[in-house]
Amino acid sequence: MLTEEQLNKFEEDGYLVIKDFINNEKCEELKTEIDNVIETNNFLDQVKTISVFLADENSAKAADEYFLTSVDKIRPFLESKAKEILEKNDKSVKIFNKIGHALHALNPKFKEVTFDSKVKEIFESIGYKKPIVCQSMYIFKQPFIGGEVQPHQDGSYLYTEPLKVTGIWIALEDCTSHNGCLEFIPGSHKGPLVTRFIRNPNKEEFEAGKHLIYTNGIPKFSYDDSKFIPAEVKKGDAILIDGLVVHRSAPNLSPNSRNIYTFHVYDSDNVDFSKENWMEPNSISFLPLNEN
Ligand SMILES: O=C(O)CCC(=O)C(=O)O
Ligand SMILES: [Fe+2]
């Protein structure tokens, strides 16, 4: 359970570093497991298909479909620099950006960490009554080419009414300002949700790339750079992230990767998961935290 001091800090800042959430062996186990996932699913072969989206601007429609249908699957996504690297046929550079969005449901090792009693206790301490784990991602932030994550609030992507969404982000390696650790605007969760990312209701007639649209704002809402505070953490530490707190991460220009595992939870008790979200509730990947 979180202590009163931790709860106060979370309430004040909108995020909370939890030291030593998992041990080093578990971190290594998850890193090895993601390599197994890549290998057993032949993700490197699949790359040829995905890279078509990168090669052809007109296939934004296919890219949207690929993203939208990843909700209940374990699917790889590429770094934006992957195209150049593939063209050079440089096999030494790792080009996966992330794997999503149902590791927590379909992979036993990630499922175990997600549904650990510690996680259940955390959600109980922050007042969740019927928590549902709805998505998970393994983010690599590869050496030298790991891309940035733009400032955002998770509630933009996983909107509920009222808003009750929280993430748990677990460092599988040391995360510093050099390899693109998370950065937060402390207290920004007390402000409103700036933007929403919704499934285009006219998707049958969409133009390429307009499958998903932003509303209630602009996608690259600009925040004051000086307000972001880096959250440097050690391998095995976790960060609890309020659905409204503004966060981002810089590109990784260092030789060290920054592997993390993250998942998001909403409270289904008297809360509606918006039908406009890009992600649609389903019985494969929307799993009650306390029943699994
Ligand atoms: O790991 C990152 O850089 C971004 C992760 C994130 O935004 C999240 O877990 O909500
Ligand atoms: Fe996020």
Side-chain angles (χ1 to χ4, degrees), residues 10 13-18 21-22 27 30-31 34 67 70 77-80 96-104 110 113-114 119 122-123 126 133-143 145-160 163-186 188-189 191 193-197 214 219-221 223 228-254 256-266 277-279:
F10 182 55
D13 292 342
Y15 67 100
L16 177 76
V17 173
I18 305 171
F21 191 70
I22 59 175
C27 292
L30 295 180
K31 283 162 66 183
I34 211 71
F67 172 69
S70 70
F77 294 84
L78 295 180
E79 277 299 341
S80 61
F96 293 115
N97 166 286
K98 68 175 181 186
I99 290 179
H101 286 92
L103 280 164
H104 67 285
F110 286 94
V113 170
T114 313
V119 174
I122 286 177
F123 280 92
I126 59 168
V133 186
C134 59
Q135 72 163 17
S136 53
M137 290 179 274
Y138 189 104
I139 304 181
F140 296 92
K141 198 77 101 170
Q142 306 284 9
I145 61 156
E148 74 182 313
V149 172
Q150 297 271 352
H152 67 277
Q153 298 165 293
D154 294 337
S156 296
Y157 301 93
L158 302 168
Y159 183 67
T160 66
L163 193 68
K164 215 168 165 192
V165 175
T166 305
I168 293 197
W169 181 102
I170 307 173
L172 305 178
E173 296 175 317
D174 291 352
C175 302
T176 69
S177 298
H178 299 288
N179 66 356
C181 67
L182 282 183
E183 300 172 20
F184 293 89
I185 302 185
S188 53
H189 64 303
L193 185 68
V194 171
T195 200
R196 282 185 58 199
F197 183 63
Y214 284 91
K220 289 185 185 172
F221 190 81
Y223 293 99
F228 284 90
I229 306 290
E232 295 194 318
V233 293
K234 290 279 178 210
K235 178 174 180 175
D237 294 348
I239 307 183
L240 190 64
I241 306 176
D242 184 281
L244 278 174
V245 75
V246 178
H247 56 289
R248 68 176 185 189
S249 65
N252 181 12
L253 305 176
S254 86
N256 307 314
S257 58
R258 194 224 63 177
N259 284 201
I260 65 98
Y261 172 61
T262 179
F263 57 90
H264 290 87
V265 177
Y266 74 97
N277 282 334
W278 75 273
M279 174 169 274

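Each ligand, and each atom within it, is numbered from 1 in the order the structure gives.
- For atom 3 (O) of ligand 1, the closest heavy atom belonging to the protein is Ser249 OG, 2.6 Å.
- Within ligand 1, counting atoms from 1 as listed, the ones closer than 4.0 Å to a heavy atom of Asp154 are 10 (O).
- Separating the CD1 atom in Ile239 from the SG atom in Cys181 is a distance of 8.0 Å, to the nearest 0.5 Å.
- Atoms CG and CZ, on Leu78 and Phe140 in that order, are 10.5 Å from each other to the nearest 0.5 Å.
- Judged by distance alone, with hydrogens and angles left aside, the side-chain atoms of Asn252 form a donor-acceptor pair with the main-chain N or O of Gln142 at under 3.5 Å.
- Atom numbering of ligand 1 starts at 1 in the shown order; those under 4.0 Å from a heavy atom of His152 are 7 (O).
- Heavy-atom minimum distance, His264 versus Gly167: CD2-CA, 3.6 Å.
- A centroid separation of less than 6.0 Å is found between the aromatic rings of Phe184 and His247.
- Given atom 4 (C) of ligand 1, the protein heavy atom at minimum distance is Leu182 CD2, 3.7 Å.
- When only non-hydrogen protein atoms are considered, atom 6 (C) of ligand 1 lies nearest to His247 NE2, 3.8 Å.
- Here Met137 has no heavy atoms under 4.0 Å from ligand 1, in either its backbone or its side chain.
- Considering Arg248, Arg258, Lys98 only, the shortest heavy-atom separation from atom 1 (O) of ligand 1 involves Arg258.
- Note on Asp154: its N/O/S atom closest to the Fe ion (ligand 2) is OD1.
- A distance below 6.0 Å separates the ring centres of His101 and Trp278.
- Atom 9 (O) of ligand 1 has Thr262 OG1, 2.8 Å as its closest protein atom, hydrogens excluded (heavy atom only).
- Between Tyr138 and Phe96 the shortest side-chain heavy-atom distance does not fall below 4.5 Å.
- Remark: ligand 1 atoms within the under-4.0 Å shell around heavy atoms of Trp169 are 1 (O), 2 (C), 5 (C), 9 (O).
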